Q: 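Just passing along the structure, written as structure tokens.
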Protein chains: 2
Amino acid sequence: MKPKITHATLHDVAELAGVSHQTVSRVINDSPRVSENTRQRVLEAIQQLNYQPNHTARALATRRSLTLEIVTFGVGYYGPAQIMGGVERAAKARGYRLFFSNLDRLTYADMRETVEDLKRQQVEGVVLIAPVRSAIYEELMKERNNIPVVQLATQKDVTFPSIIIDQQLGSRLATQHLIDTGHSSIAAISGPLHWNDAAARHEGWLDTLQDNHLNPVNWTEGDWSAASGYRAAHELVDHGAKFTALVIANDQMALGAILALRERGLRIPEDVSIVGFDDIPEASFFDPPLTTIRQDFSTLGEQSVEYLVEIIADPQAAAGQRVLTPRLILRKSHR
Amino acid sequence: MKPKITHATLHDVAELAGVSHQTVSRVINDSPRVSENTRQRVLEAIQQLNYQPNHTARALATRRSLTLEIVTFGVGYYGPAQIMGGVERAAKARGYRLFFSNLDRLTYADMRETVEDLKRQQVEGVVLIAPVRSAIYEELMKERNNIPVVQLATQKDVTFPSIIIDQQLGSRLATQHLIDTGHSSIAAISGPLHWNDAAARHEGWLDTLQDNHLNPVNWTEGDWSAASGYRAAHELVDHGAKFTALVIANDQMALGAILALRERGLRIPEDVSIVGFDDIPEASFFDPPLTTIRQDFSTLGEQSVEYLVEIIADPQAAAGQRVLTPRLILRKSHR
DNA sequence: AACTTATATGTGAACGTTCACATGATTATT
DNA sequence: AATAATCATGTGAACGTTCACATATAAGTT
């Protein structure tokens, strides 16, 4: 009843072509040690049987899976989704397949599970999007059975293989630009501060104010969502602090904040200037078009695979953190 | 020099515990055929050696990989990213791992590559996000070597296993609501019409107008981006056609359109009502908050895995299309 | 012409599991 | 008390490759 389609194997091909299985193996691996004559014969047999090498068997024999894994925290967010695109592209380009694993919650159980999986799956390397401060990641690093891991969006100056975008710099760019254009009362809406990027952006804002002998007027913490930006902006106004500019840790929150400020009768950029972070594709079409700090997430993803592949080839290559630079994109939400 | 960490195997555990490899196998597979006594001894050995079953070897022996694959078209888009989240969650819950493959371009070469991969990878099933009309997909279906495939976002009433959200219905909901609230000049900005969802939404708009004996005023085609929505809205106004309402095929384009209309001195919703599609999280914080047709992409992803698993268990279960229903979310961009 | 070297191919084990079956010990059945 | 049934365990092959080596033939060297 159950047909159980069985695929042609190396031996089937060998038999049909009248050679040994090893010769077939040589053909599919492009070994020069095979005469043109037999090569053709084998190729024909392969064609005829619609033979496809079995990846599993190959992995078992070679002890190489040609597989990477990406473990993400929150596919829902813009950044991680973009990073994944880059990782996939780079992995495919280098002949690797990609496992995809998502962590919705950063609980011990979830993480535990993921580590156990890693050990089982015969994965050659892992790109870990680890944007949140958590001891769990360190545990992961210890228990991972020497599987190379490149972490993304970690803290700055961490010593294990990782790549970050210099958020502190980005935030300095934003804040300094506002100061340079005459602002001295600059408030902020931060991301959730247990996120590394949020903390770095926040520090950049604080440090820049300090460097310019300005006092931080006021700030609130959001959760990256437009909803939280909306709430935060209302709060800021309620609090009575006067500010003429607002540094907001991502574009979505900026969107929410713009709506809230407008509800309070504040015009942008006449009454308050705004700069966001990320440069999501929609940012140009906010009202007004948003000045923001662009993050090249896609490149981040690609580079992480490159780094990983270097480490796989030579574990000695595993050295420290690489840093990408964000860029200020000027539009119309500031003056 | 190269330590080449070798993991403990079944045989190592067996030796340490003083039993046969098969007994160890029984323990790790929870077979009842093993005495409590030896089970404990084996468990200890496993612990001691930090043994982890080798997934590859198991797959080879059982001819089951416990692996699914998702092939996506454009991770960058909101929908696909959400779907992926759902697919990952459901796959993990059912003990499957997930390969992730992205198609940036729908070229023959890219697709060909993907199909070849499928045949090689020993994947048990595939969730294919196939939002674009293309003969390539049909070819895929033929050549896939009997691997179960569930397609997402295909055309309506297609006979192979697939799940769609009823976009035509969604569009009817939107258009009819505008008509019911007094509009009779309803223009549209469609998505790229070779996308199935775009075409269905467009048809829904047209059909509803027809059912109500109204003429379609005017419409243009966008490419899902806010930028294209912006351009399209300007075009519509340039074209001189009078409209009091606008059905826009996704929220991002709606954002762009809102900005464009405002630039033309048109107030929303006083002068023109707008309804979008998708209900991205930011839609509530557009100015004005956007009335839109909500799509439950996450559920779509989960259900696709469920369907797929049914088919894997029983190929007879592969029967036709399942349909999810979108929902009208009323906010303030219409009157 | 004899000896080395290179080329084309084959043989059997190995990778780390599970599967199908065999065996011996214990317990139940008549 | 003999026989059957059940339970706990073991044995060797199989999954589909590659690896390490062996062999036979052809070609090059002295």
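A note on names: the letters A, B, ... follow the listed sequences, proteins ahead of strands, and every chain is numbered from 1. Here the structure is a predicted model, which means the values were calculated and not measured.
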Q: Tell me: CZ of B:Arg64 to P of C:dT17, nearest whole Å?
A: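 Taking CZ of B:Arg64 and P of C:dT17, I get 19 Å after rounding.
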
Q: Contact class for B:Gln52 vs. all strands (heavy atom < 4.0 Å): base, sugar-phosphate, or nothing?
A: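 Since only primed, P, OP1 and OP2 atoms lie under 4.0 Å of B:Gln52, the category is sugar-phosphate.
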
Q: Would you indicate what B:His11 reaches in the nucleic acid, counting non-hydrogen atoms under 4.0 angstrom: base, sugar-phosphate, or nothing?
A: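 Contact class for B:His11: base.
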
Q: Could you give the CG-to-P distance, from B:Leu66 to C:dT17, as a whole number of Å?
A: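 Value for this atom pair: 15 Å.
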
Q: Return the value, rounded to whole Å, for the distance between atom NE2 of A:His7 and atom P of D:dT17.
A: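 After rounding, the gap between these two atoms is 11 Å.
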
Q: For B:Glu15, does the CD atom have more than 12 heavy-atom neighbours from other residues, nucleotides or ligands under 6.0 Å away?
A: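 No, the 6.0 Å shell around CD holds no more than 12 heavy atoms from other groups.
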
Q: Kindly determine whether A:Arg64 and A:Ile312 satisfy side chain to side chain contact (heavy atoms under 4.5 Å, CB included), including the steps that lead there.
A: CA-CA 11 Å; A:Arg64 294 210 54 183; A:Ile312 291 168; 4.1 Å; yes

Q: Apply side chain to side chain contact (heavy atoms under 4.5 Å, CB included) to B:Gln47 and B:Glu44, showing your working.
A: CA-CA 5 Å; B:Gln47 189 87 36; B:Glu44 252 168 58; 5.5 Å; no

Q: Let's see if you can work this out: which of C:dT7, C:dT17, D:dG16 has an atom nearest to the side-chain heavy atoms of A:Asn54?
A: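 Of C:dT7, C:dT17, D:dG16, D:dG16 is nearest to the side chain of A:Asn54.
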
Q: Begin from the C-alpha positions of A:Ile28 and A:Arg58 and carry the test side chain to side chain contact (heavy atoms under 4.5 Å, CB included) through to its verdict.
A: CA-CA 12 Å; A:Ile28 62 176; A:Arg58 186 175 273 177; 3.6 Å; yes

Q: Identify which nucleotide among D:dG16, C:dT9, D:dG10 has an atom closest to any side-chain atom of A:Thr23, counting heavy atoms from C-beta outward.
A: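 Per side-chain heavy atoms of A:Thr23, the pick is C:dT9.
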
Q: Expressed as a whole number of angstroms, how long is the span from B:Gln122:CD to D:dC15:P?
A: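 Result: 14 Å.
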
Q: Rounded to whole Å, please give me the gap between CD1 in B:Ile46 and P in C:dT17.
A: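 It is 10 Å, rounded to the nearest whole Å.
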
Q: By nearest heavy atom, map B:Leu60 and B:Arg41 onto DNA chain D; which one lands nearer the 5' end?
A: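 Nearest nucleotide further toward 5': that of B:Arg41.
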
Q: Where the side chain of A:Val19 is defined as all heavy atoms beyond and including C-beta, which of D:dT18, D:dT11, C:dG10 is the nearest nucleotide?
A: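 Side chain of A:Val19 sits closest to C:dG10.
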
Q: Identify each atom pair where a protein N or O and an N or O of nucleotides 19-25 of chain D are less than 3.5 Å apart, giving names and distance.
A:
unit_1 : atom_1 : unit_2  : atom_2 : d
D:dC19 : N4     : A:Gln22 : OE1    : 2.6

Q: Provide, to the nearest angstrom, the distance between the CG atom belonging to A:Asp12 and the C1' atom belonging to D:dG16.
A: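 A:Asp12 atom CG is separated from D:dG16 atom C1' by 10 Å.
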
Q: Any side-chain N or O of B:Thr9 below 4.0 angstrom from OP1/OP2 of C:dG16?
A: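 No, because none of the side-chain N or O atoms of B:Thr9 sits under 4.0 Å from OP1 or OP2 of C:dG16.
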
Q: At what distance, to the nearest 0.5 angstrom, does CD of B:Glu124 lie from OH of B:Tyr96?
A: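 Here the interatomic distance stands at 4.0 Å.
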
Q: Please list, chain by chain and in numerical order, all residues satisfying salt bridge (charged side-chain N to carboxylate O under 4.0 Å, His left out) with A:Arg120, sequence neighbours excluded.
A: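 A:Arg120 satisfies salt bridge (charged side-chain N to carboxylate O under 4.0 Å, His left out) with A:Asp117 only.
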
Q: Once you apply a heavy-atom cut-off of 4.0 Å, does B:Thr56 come out as touching a base, just sugar-phosphate, or nothing?
A: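 No contact.
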
Q: May I ask you to verify if any side-chain N or O of B:Ser35 is less than 4.0 angstrom from the OP1 or OP2 atom of D:dA8?
A: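 Looking at the OP1 and OP2 atoms of D:dA8, neither is under 4.0 Å from any side-chain N or O of B:Ser35.
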
Q: On DNA chain C, check which nucleotide each of A:Arg39 and B:Ala57 is closest to and give me the residue with the more 5' one.
A: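 Upstream on the strand: A:Arg39.
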
Q: Just wondering, do B:Thr67 and A:Phe99 contact through their side chains at under 4.5 Å, heavy atoms?
A: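 Yes, their side chains come closer than 4.5 Å.
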
Q: Roughly how many Å is it from CZ in A:Arg33 to P in C:dA8, rounded to a whole number?
A: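 Rounded to whole Å, this separation is 7 Å.
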
Q: Rounded to the nearest 0.5 Å, how far does CD of A:Gln48 lie from CG of A:Leu16?
A: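 A:Leu16 atom CG to A:Gln48 atom CD measures 5.0 Å (nearest 0.5 Å).
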
Q: Mind checking A:Arg58 for me? I need base, sugar-phosphate or nothing, with any heavy atom below 4.0 Å counting as a touch.
A: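 Counting heavy atoms under 4.0 Å across all strands, the contact made by A:Arg58 is with sugar-phosphate only.
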
Q: When the distance from CG of B:Asn29 to C1' of C:dT17 is rounded to whole Å, what number comes out?
A: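 Going from B:Asn29 (CG) to C:dT17 (C1'), I get 9 Å.
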
